[in-house]
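All remarks here apply to the structure that follows.
These numbers come from a predicted model, not from an experiment.
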Protein chains: 2
Amino acid sequence: MRLTTKGRYAVTAMLDLALHEGKGPISLADISERQGISLSYLEQLFAKLRRNNLVASVRGPGGGYQLNRPKADIDVAEVIDAVNENVDATGCNRRGDCQSGEVCLTHHLWCDLSDQIHTFLSGITLADLVERKDVKAVSSRQEARQAEKMIASDIRVASGL
Amino acid sequence: MRLTTKGRYAVTAMLDLALHEGKGPISLADISERQGISLSYLEQLFAKLRRNNLVASVRGPGGGYQLNRPKADIDVAEVIDAVNENVDATGCNRRGDCQSGEVCLTHHLWCDLSDQIHTFLSGITLADLVERKDVKAVSSRQEARQAEKMIASDIRVASGL
DNA sequence: TATTTATCCTACTAATTTGGTCGGCTTTTG
DNA sequence: CAAAAGCCGACCAAATTAGTAGGATAAATA
């Protein structure tokens with residue numbers, strides 16, 4: 001089992017899409033800036049999210065990504081799964097052939113743990129996250145930051161720098 | 001967060017000790033054979049388990065390892081922790097400085113998940129595992145295998161091979 | 001006392017994964 | 001046509017895993 005920045009980034013980026021739903025396609029450059037994730041790395045993650053039909057892309061200027069399903073129909077477990085992070089705690093992928101073809105001493109323990117984690121993560125949708133007050137707080141802070149930056153760059157442009 | 005063979009091996013080996021409690025020190029060679037874990041790798045894991053006072057060692061012939069506490073007082077979470085596997089799902093070790101000093105969009109989600117996993121794993125002791133019927137079944141299978149091997153090697157010794 | 005059994009300790013290693021970077025291509029809009 | 005975006009493949013440094021190898025030390029036994 002593994003849960004690293006890869007899966008966390010994927011969920012964060014998907015949540016960013018959910019938060020900006022209805023505003024047309026969102027560019028990876030925007031997500032990169034708001035969430036502090038490298039653009040090229042986001043591209044790799046979104047290639048996988050797209051292959052799993054979680055997002056749809058629009059190319060060309062003004063393009064970007066959108067959720068391919070209502071945010072209430074996308075749960076955290078599938079997002080993590082889409083970027084190949086394995087939320088399974090067994091060593092044998094639940095096959096039960098952990099010790100030379102047979103079940104190892106702790107196989108069932110890891111199965112139980114896997115169930116526990118999967119139940120938890122698949123019970124949370126992007127819509128649920130959007131409604132959380134901690135998410136709302138962070139999101140509005142990020143919006144403010146981005147607005148500041150845009151004003152700053154407007155000044156630079158206007159003054160010819 | 002990471003849960004690989006390292007943590008699984010540690011729990012399996014500790015459970016092996018719990019299953020053979022009262023029979024004096026158990027050698028790593030025995031555990032290695034029963035559980036199919038490399039001896040040198042076990043040595044490295046037990047160095048950590050010993051440093052965390054989970055086991056006590058007896059050197060010399062007939063030596064080995066024993067649980068340093070009653071099996072009902074050792075839970076799965078501490079065993080995994082002792083071998084440095086991190087069961088924390090956040091990227092910031094719960095510090096909340098995930099995004100340039102501030103909380104990232106999904107911080108609280110990963111905190112909740114971590115709590116979930118920790119509650120589950122710390123609620124299971126070695127004594128609980130010893131009582132499980134799936135563990136008993138695997139254990140008796142392993143005992144039988146080991147007895148077979150010992151007879152086979154006795155034959156080899158007796159016949160002078 | 002010599003041998004054997006076991007823990008203890010350090011160093012090395014191949015393979016894999018992570019979290020990227022870089023460069024260039026294609027599509028679409030203005 | 002230029003610019004903005006997605007798309008794609010190659011490459012990379014660092015870390016981690018799951019070991020191996022080789023020896024030192026301690027204790028029991030012959």
Checklist line | Range on DNA chain D touched by chain A, heavy atoms, distance below 4.0 Å | finding: D/dA3 to D/dC8
Next item on the list: Find the distance between CG (A/Leu67) and CE (A/Met14) and round it off to the nearest 0.5 Å.
Entry: 5.0 Å
Check: Does any N or O in the side chain of A/Thr12 come within less than 3.5 Å of the main-chain N or O of B/Thr106, such that one atom is a donor and the other an acceptor?
Finding: no
Next item on the list: Check whether any side-chain N or O of A/Tyr9 sits under 4.0 Å from OP1 or OP2 of C/dG20, and answer yes or no.
Entry: yes
Check: Parallel, tilted or perpendicular: which describes the rings of A/Tyr65 and A/Phe46, with under 30° parallel and over 60° perpendicular?
Finding: tilted
Check: For C/dT18, does OP1 or OP2 lie under 4.0 Å from any side-chain N or O of A/Arg8?
Finding: no
Margin query: Quick check for you: to the nearest 0.5 Å, what is the distance between A/Met1 atom CE and A/Leu113 atom CG?
Written below: 5.5 Å
Check: Whole-Å distance between C/dA15 C1' and B/Lys6 NZ?
Finding: 16 Å
Checklist line | Test applied, side-chain hydrogen bond (donor to acceptor under 3.5 Å, both in side chains); reference residue, B/Thr90; option that passes from B/Asp88, B/Asn86, B/Asn93 | finding: B/Asp88
Notebook entry, point to check: To the nearest Å, how far apart are B/Leu17 CG and C/dT7 C1'?
Noted result: 14 Å
Next item on the list: Confirm from the modelled atom types if A/Arg59 and C/dT26 form a donor-acceptor pair under 3.5 Å, side chain to base only.
Entry: yes
Item checked: Nucleic acid contacts of residues 99-113 of chain B, taken as heavy-atom distances under 4.0 Å to DNA chain D -> none
Check: CE of B/Met1 versus P of C/dT17: gap in Å, rounded?
Finding: 17 Å
Next item on the list: Any pair with a residue in residues 67-98 of chain B that passes ring pair (Phe, Tyr, Trp, His ring centres under 6.0 Å), sequence neighbours left out, goes on the list, sorted by first then second residue, please.
Entry: none
Checklist line | Residue whose nearest DNA chain D nucleotide is more 5′ - B/Thr4 or B/Gly62 | finding: B/Thr4
Margin query: Applying side-chain contact (heavy atoms from CB on, under 4.5 Å) to A/Arg94 and A/Ser114, what does each step give before you reach the verdict?
Written below: CA-CA 9 Å; A/Arg94 310 192 78 117; A/Ser114 302; 3.5 Å; yes
Check: Looking at DNA chain D, which of residues 24-49 of chain B put a heavy atom within less than 4.0 Å of it?
Finding: B/Ser38, B/Ser40, B/Tyr41, B/Gln44
Checklist line | With sequence neighbours excluded, residues passing side chain to side chain donor-acceptor pair (under 3.5 Å) with B/Gln142 | finding: A/Gln99, B/Gln35
Notebook entry, point to check: Is the phosphate of C/dC8, meaning OP1 or OP2, less than 4.0 Å from a side-chain N or O of B/Arg50?
Noted result: yes
Note to self: Could you work out how much the helix from C/dT1-D/dA30 to C/dG30-D/dC1 bends, comparing the axis of its first five pairs with that of its last five, to 10°?
What the structure shows: 0°
